[in-house]
**Student:** 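Sending over a structure as structure tokens; questions will come in a sec.
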Amino acid sequence: MPLRFREIVAATWSSLSSLDGPVLGTIRGLLTGPGHVARAWIDGRRTRYLHPVKFLFVVSLIIALSYEPLLAARRAMQVTGAAIYTVGLEAYSPMFSLFGLVLPVVLALGITAIGRPFRLRLPWLDWYVLGAYATGMGALLQSTFKLVALPLPPSWGGWLATAEFALPLALLVWGSYHMVAPNRRWQAVLVTLLTPTLAWLVIVAIET
């Protein structure tokens, strides 16, 4: 049965009214199979996992709380060219929650539109659920990279930046493989790779 907009709104309101939930179980599930977590939540098996929008807010809180300590640690090391600076800690701000909520919408609408010629018929809200989980989990993994980068020399910056960029995309692509029917898996992988690539090209064209 397709997910309905009023259903996701009602679930969002209910979930945001409290902060209880299996946070660690959600993180563990997303590390081992983001598509399975998204599919379980969409199909109504929601007791084991945190609401995707609540998960984004929890991640936002973690980012907000870790932002200043990471900056202070970098300053204490007195290495202005440390790799953590190269990967853009200044942009790693408490405003992630706004970005984290909007990005999955853009991805979901893009995947839905581009996926039609490939016979991917999932509703855009299904893709939004996966995108929200992938964005949140990707941000958590990115924060780990920033922590690891503290003692590393500037020469590591390029590798870390590439890995950071790839993390949410990898989770999205991996999740899409298990979100769709088995005979549509490789189409889903192609579309979820193609959508952010086209979005990036559009952004580059606008900026230039």
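Any value given below was found using the heavy atoms of this structure, including those in side chains, with hydrogens, waters and symmetry copies removed. Along the sequence shown, residues are numbered consecutively beginning with 1.
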**Student:** Name the orientation class of the two ring planes belonging to Y133 and F55 (parallel below 30°, tilted from 30 to 60°, perpendicular beyond 60°).
**Tutor:**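 Rings of Y133 and F55: tilted, 30 to 60°.
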**Student:** Examine V37 and Y177 and state if one hydrophobic cluster contains both, with Ile, Leu, Val, Met, Phe, Trp and Tyr joined whenever side-chain heavy atoms are less than 4.5 Å apart.
**Tutor:**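 Shared cluster, no.
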**Student:** Hey, quick one: are L190 and V173 part of the same hydrophobic cluster, counting side-chain heavy atoms closer than 4.5 Å, chains of contacts allowed?
**Tutor:**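 No.
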**Student:** Within this structure, what is the OG1-CG distance for the pair T135 and L167, rounded to the nearest 0.5 Å?
**Tutor:**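 Output value for this atom pair is 12.0 Å.
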**Student:** Please report the shortest heavy-atom distance between L169 and L193, naming the atom on each side.
**Tutor:**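 Closest pair (atom of L169, atom of L193, distance): CD2-CD2, 4.3 Å.
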**Student:** Measure across A132 and P52 and return the closest heavy-atom pair with its distance rounded to 0.1 Å.
**Tutor:**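 Nearest heavy atoms, A132 then P52: CB-CB, 3.8 Å.
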**Student:** At what distance, to the nearest 0.5 angstrom, does NZ of K54 lie from CG of L56?
**Tutor:**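 Answer rounded to 0.5 Å: 12.5 Å.
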**Student:** Taking the side chain as every heavy atom from C-beta outward, state whether L141 and L171 have any atom pair closer than 4.5 Å.
**Tutor:**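 The answer is yes; the side chains approach within 4.5 Å.
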**Student:** Which value, rounded to the nearest 0.5 Å, describes the distance between D43 atom CG and D126 atom CG?
**Tutor:**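 Separation between the atoms: 8.0 Å.
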**Student:** What pair of heavy atoms forms the shortest contact from T112 to P123, and how long is it?
**Tutor:**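 Heavy atoms of T112 and P123 come nearest at OG1-C, 4.4 Å.
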**Student:** Report yes or no: does R184 contribute a side-chain atom to a donor-acceptor pair with the main-chain N or O of L120 at less than 3.5 Å?
**Tutor:**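 Checking the backbone N and O of L120 against the side chain of R184, no donor-acceptor pair under 3.5 Å is found.
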**Student:** Flag the pair T195 / V106 as yes when at least one side-chain heavy-atom distance between them is below 4.5 Å, and no otherwise.
**Tutor:**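 With C-beta onward as the side chain, the pair stays apart.
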**Student:** Count I, L, V, M, F, W, Y as connected when their side-chain heavy atoms are under 4.5 Å apart, and connections chain through other members. Are V180 and W186 then in the same cluster?
**Tutor:**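 Result: no, two separate clusters.
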**Student:** Is the side chain of T26 donor-acceptor paired with the backbone N or O of L50 at a distance under 3.5 Å, no angle test?
**Tutor:**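 Checking the backbone N and O of L50 against the side chain of T26, a donor-acceptor pair under 3.5 Å is found.
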**Student:** Within the structure provided, determine whether L122 and W127 are in side-chain contact (heavy-atom separation under 4.5 Å).
**Tutor:**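 Heavy-atom side-chain distance check passes, below 4.5 Å.
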**Student:** Atom CD1 in I42, atom OH in Y128: separation rounded to 0.5 Å?
**Tutor:**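 Taking CD1 in I42 and OH in Y128, the distance rounds to 12.0 Å.
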**Student:** For the residue pair S176 and L130, establish whether any side-chain heavy-atom pair is separated by less than 4.5 Å.
**Tutor:**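 Yes, their side chains come closer than 4.5 Å.
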**Student:** Taking C-beta and beyond as the side chain, do M179 and R185 meet within less than 4.5 Å on heavy atoms?
**Tutor:**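 Not in contact.
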**Student:** Side chain of T192, backbone of V189: donor and acceptor closer than 3.5 Å?
**Tutor:**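 Side chain of T192 to backbone of V189: a pair is present.
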**Student:** Specify the closest pair of heavy atoms between A139 and V59, including all atoms of both residues, with the distance to one decimal.
**Tutor:**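 Distance-wise, the nearest heavy atoms are CB-CG1, 3.8 Å.
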**Student:** Decide side-chain contact (heavy atoms from CB on, under 4.5 Å) for W41 and H51; before the verdict, give the C-alpha distance in whole Å, the side-chain angles of both, and the deciding distance to 0.1 Å.
**Tutor:** CA-CA 8 Å; W41 197 90; H51 186 288; 3.3 Å; yes
**Student:** Find out if a path of hydrophobic residues (ILVMFWY) with successive side-chain heavy-atom gaps under 4.5 Å connects L172 to L31.
**Tutor:**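 Yes: a chain of side-chain contacts under 4.5 Å links L172 to L31.
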**Student:** State the NE2-CZ distance between H178 and R39, to the nearest 0.5 angstrom.
**Tutor:**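 That separation rounds to 12.5 Å.
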